[in-house]
Amino acid sequence: MLENLKPQAADKILMLMQMFREDPRTDKIDLGVGVYKTADGVTPIMRAVKTAEKMLWEVEATKSYTGLAGDPAYGSAMRDLILNGAVENDRVAAAATPGGTGAIRQALELIRLAEPDATVWLSAPTWPNHPSIIRYLGMPMQEYRYFDAASRGVDFDGMMADLKGVKAGDAVLLHGCCHNPTGADLTLDQWKTLVAHLHKTGAVPLIDLAYQGFGDGLEEDAAATRLVVSSLPEVLIAASCSKNFGIYRERTGILLAISESAKGQPVTQGTLAFLNRQNYSFPPDHGARLVTMILDDQDLTADWKTELEEMRLGMLGLREQLASELRQRTNSDRFDFIARHRGMFSRIGASPEQVQLMREKNGIYMVGDSRLNIAGLNAKTVPLLAEAMVAAGV
Ligand code: LMR
């Protein structure tokens, strides 16, 4: 049986991680996978997480199963962090998932169960694992224009023109903030136009919220999601705690599914529990428990927010520095978009050959579509990147 298997195409982000590891150069620079790093290249355990872990070690008395949808306290804490009352709580179903990817996968399975013919609409480009999972599930999918290669901003007219093809019951995958891979986000006014269109068509948004707190701030980054849930009858949200709590390997995510009325919530909640049971039974608990402890404790929340804000401001500072270095070196403002982009990533618009050249010549690793992880830089490596970009003719 196993001899029937064919080699699977490797995920390009994970492949790059491997190449970086194998590169013996000591001055290599990793701008690949979306993992936050300090100026010393360390991905730290956040202070509040460490404190919560110590507390948990003291108080945790059992490792028995939680609920199929995870601990309800985690569901409420995450619901409040993301939605903060933007929609009636009794319309919200919640299930803990293994990371944000788990939430995406469960959301797609939920869509397929409810609407087997639904087309899933994806931004061009999007996180490569989105189309990969959708293809694996055998669901119809379609792309909508998103990134304007000339301005490196959002091609909003193109996006709205393509979304004219959306039908009732289709799902439209949107990045709640910090678009991955481009770094280009919609303005709140553009979100309003988009929401009005989705309302008219009866399509359901699936919001991928993996970077809340990495863009303009915790509340600001949730603003679009809150606008969507307060305007539309049904919304799905797949959120991750990997980045904003820095607990990547704990696989901590959540799927929120908002029904049109409180009457529909119990069946939706039951279906989320059912889907968890089919795929992995109980979701992992450790990361979810730490997040709940932090969000339920004022002091821990304050400490977490302070550290998250430091991380966010650090990334913004690196964006400013890179844009300014490039302004000086090119005597133009054509790279100012880097300072306007938000989150960990910017797509800088280099060709695959230029990306390869920078990797081979300068040991600078970015994804082949020229997505770079801003957090992989520090004050000393920003000029090296700027120099390499100019030398490569970007
Ligand atoms: C990324 O986009 O680099 C991250 O979300 C990590 C991943 O799993 O691809």
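Predicted model, so just to flag it, every value in this text is computed and none were measured. When a ligand or atom number is given, it counts from 1 through the structure's own listing order.
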Is the ring pair His341/Phe147 parallel, tilted or perpendicular, if the boundaries are 30 and 60 degrees? tilted

Could you find the nearest protein heavy atom to atom 9 (O) of ligand 1 and give me its residue, atom name and distance? Trp127 NE1, 3.0 Å

Do the rings of Phe337 and Phe335 sit parallel, tilted or perpendicular, given the 30° and 60° boundaries? tilted

Output a table of donor-acceptor pairs, distance under 3.5 Å, between side-chain atoms of residues 234-242 and any protein atom two or more places apart or on a different chain; print 'none' if there are none.
unit_1, atom_1, unit_2, atom_2, d
Ser240, OG, Ser242, N, 3.0
Ser240, OG, Ser242, OG, 3.2

Look at the rings of Tyr211 and Phe345 and say which category their plane angle falls in: under 30° parallel, 30 to 60° tilted, over 60° perpendicular. perpendicular

Specify side chain, backbone, both or neither for Asn373, according to which of its non-hydrogen atoms lie closer than 4.0 Å to ligand 1. neither

Heavy-atom distances under 4.0 Å decide this one: backbone, side chain, both or neither, for Arg371 against ligand 1? side chain

When you measure from atom 3 (O) of ligand 1 to every protein heavy atom, which one gives the shortest distance, and what is it? Gly34 N, 2.7 Å

Considering heavy atoms of the protein only, find what lies nearest to atom 6 (C) of ligand 1 and give residue, atom and distance to 0.1 Å. Val33 CG2, 3.7 Å

For Pro140 versus Ile134, what's the shortest heavy-atom pair and its separation? O-CG2, 4.4 Å

The atoms of ligand 1 lying under 4.0 Å from a heavy atom of Lys243, numbered in the order shown, are 4 (C), 5 (O), 6 (C)

Residues Tyr146, Met159; criterion side-chain contact (heavy atoms from CB on, under 4.5 Å); working and verdict: CA-CA 5 Å; Tyr146 185 82; Met159 173 176 181; 4.0 Å; yes

As an exercise, identify every atom of ligand 1 less than 4.0 angstrom from a heavy atom of Tyr211. 5 (O)

Does Tyr248 come within less than 4.0 angstrom of ligand 1, counting non-hydrogen atoms of the residue? no

